[in-house]
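Proteins come first, then strands; the chains are lettered A, B, ... in the order of their sequence lines, and each starts at number 1. Keep in mind the model is a prediction, meaning the values are calculated, not measured.
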Amino acid sequence: MTGNLVVQFLAQGAQMFFVLLIAPLAVGVVRRVKARLMRRQGAPLLQGYRDLAKLLRKESVVAENASWLFRSAPSLIFALTWVAAALIPTFASGLMYNWAADVVALVALLGAARALLALAGMDVGTSFGGIGSSREMMIATLAEPAMMLIVLTLAIAAGTTRLAGVADFFIAEPLAVRVSMALSLLALVIVALAENARIPVDNPVTHLELTMVHEAMVLEYSGRHLALIEAAGMLKLVLYLSLLICLFAPFGMAPATAGVDGWALGLLAWTVKLLGGAALLGVWEVSIAKMRVFRLPDFVGIAFVFAFLAILLAFLSRGAIE
Amino acid sequence: MNQVYDISHLLAGVMLVTSFALLYQQRIAAVLNAFAAQSITLALAVAWAAWSENRPDLFITALIAFSLKGVVIPVALHRTVARLGIHREVEKVVGVGAALMVGLALTALAQALVVKIAQGPASQAREELALALAIILMGFLMMIVRRNAVTQIVGFMSMENGLILAATGARGMPLVVEISVAFSVLIALFVFAVFVFRIRERFDTIDIEALDRMRGDRR
C-alpha cells in the first residue's frame, strides 16, 4: 500500500512538473502559428524557454519607491497560478490531490493572483500601471461572474464542483448535444480569451500605450521578476486550455485506477489536445482584430449572457427530465 | 430518440443566440446578416423537425423560411439601406449592455412562464417552446430599444421567426396558415419599406424619434 502511495504522490508531482514544462512550448506554438500565417519565419518553438532563462540571469531593476509588495508579488503570482494550473486534471482524473481541484477554489486562486498583479501595477505609481490595473479590474468584474455561472452550470449537470468528478461524469456520459453545454463552452472561451489577455481583448505583443492592459501592469518589471510574471502568464494559458480540455473534451484521460501505462497514454492525449488548442488560438488571433477598450465590456458581457442562458437552460432541461 | 430532441434544442438555442447577436451588433449591415443567420437556422430547425418527425409539409415551411427570410428579405433590406444612404451605425435608446441584460430577464421570464403553463406529458417540447417565446420577446425588445426604422423591421421579422419556431414545436400550424403568414410578412416588408421612404422624405431621417415631435396642429 505504501508503494502505491509513493506512485500516487509521484504522479501528482509529475502533473505539476508537466504543466510547467509545457507552458513555454504552448506559447511558442501560438506565436509560431501566428507568424507562419502572416508569412513570417517566426521564432523557434523553444524560444519561450530561452527567454525565461535569459531573464532569470539578468539583473532586476526596481524603482526607488517600490514597496515590499512590488518585490514579492511576482513570486506570489507565480506560485498561485502554478498551484491552480497543477490542480486541473490533465492526464488522469483520479490523482492524489484531486479532492482539492475544486472549480470554486480555482477561481479564488486566480482571483488572488489577479488582485496581487493589479496592486503591483499601481505600486510604483506610474500612470501606465494604474491604467493597466483599472482596465484589468474592469475586465475581471465582468469575466469572473461569467466564470462562476459556467462553473455552476457544469456543477448542475455533473452534481459536483470537483473538476475530476466533472471530467469523470462527461467521460461516462454518452455523447449528447446540449444547448447549455454549447453555451457554456462559448462563454468559457470568451472568458479564457479575456483572462489570458489575448486578441480581441488585449494584444499580447503590443506595447502601444493606448491599448495595452496586461503589459501596462508589468511594465516596471525586469529580470527575474519579469521571468516569474511571464512564466505565470504562460501557465495561465496552459491552465485555461487544460480546463477547456478537461471539461469539454476529456476523452482519453486516464481513469483513477489506471497504471503507469494508462497515464502515459493520457499524457500523450493531453499534450496533443493542448498543442492543438494552442494552434487554434494562433489561427483565431490572426483572423481577428483587437477591439476598442470601450467595446470590451460588451464583448466580455457576452460571456456573462451566454453563461446565464446556459444555466437557465440547464435548469429547464433538468425540469423536463424529472 | 433523445438525440433528435438534442439537435432541435441546439438549433433553437442557436436562434436565441442570434437574437442576442441582433441586440449586440452596432452596424446595420451586421444586424441584417445576423437576421439572415437566424432565419437560416430557423429553416434548418424546421427541416430537422420535418425529417425527424416525418412531416413532409414542414419542408415547405423550411423552404419558405430559407428563401424568403434567409435570402430575399435581408438582400432587400441591404439594398434599402444602401439606397437610403443612412448612417451605418445603429441608433439606440439604451446601451448594448442594458439591452442585453433586459434580454436575459426576458429569457428568464419566458422560461418561468413556460414551466408554469406547460406541465404534463408534452414536457419534452417545452424547452423549445420556452426558447421560441424568448425569441419572440427579444423581437419585441429589439423594436423597443432601436430607433432606426430598418432595425425595427428586423425586430418584427425576428419576432415572426420565433412564432414559426413555436408553431413547429407545437405540432405545426396548418400549411394554409403558414403560407399566408409568410406572404403577409412579405407584404409587411413592402409596406414598411414604403413607410421608411416616406418618413425619410418628410423628416430627412429614419430615426422614429422624429415622429414623436410630429403634431398635426403645428404647421
Between atom OG1 of B/Thr107 and atom CZ of A/Phe308, what is the distance when rounded to the nearest 0.5 Å? 8.5 Å
Less than 4.5 Å to any heavy atom of chain B: does that hold for the side chain of A/Phe306, its backbone, both, or neither? side chain
By a 4.5 Å heavy-atom criterion (distance strictly below it), what part of A/Leu186 contacts chain B: side chain, backbone, both, or neither? neither
At a 4.5 Å cut-off on heavy atoms, which part of B/Ala130 comes close to chain A: side chain, backbone, both, or neither? side chain
What's the separation between atom CG in A/Leu313 and atom CD in B/Gln111, rounded to the nearest 0.5 Å? 5.0 Å
Portion of B/Phe20 that has a non-hydrogen atom of chain A nearer than 4.5 angstrom: side chain
Taking ring pair (Phe, Tyr, Trp, His ring centres under 6.0 Å) as the test, write out the residues that go with A/Phe169, two or more places apart. none
B/Phe59 atom CZ, neighbour heavy-atom count above 12 within 6.0 Å: yes
Please give me the minimum heavy-atom distance between B/Tyr24 and A/Phe299, naming the atom from each residue. OH-CA, 3.7 Å
Quick note, salt bridge (charged side-chain N to carboxylate O under 4.0 Å, His left out) partners involving residues 65-74 of chain B, not counting sequence neighbours, are B/Lys69-B/Glu160
Please state whether the side chain, the backbone, both or neither of B/Leu11 comes within less than 4.5 Å of a heavy atom of chain A. neither
Residue-level contacts of residues 285-298 of chain A with chain B, using a heavy-atom cutoff under 4.5 Å: A/Met291, A/Arg295, A/Asp298
Going by the rule salt bridge (Lys or Arg N to Asp or Glu O under 4.0 Å), which residues pair with A/Glu195 if we only count those two or more places apart in sequence or in a different chain? A/Arg114, A/Lys236
Please tell me if the side chains of B/Leu100 and A/Ile302 come closer than 4.5 Å, counting only heavy atoms from C-beta onward. yes
Are B/Leu104 and A/Phe304 close enough that some pair of their side-chain heavy atoms sits under 4.5 Å apart? yes
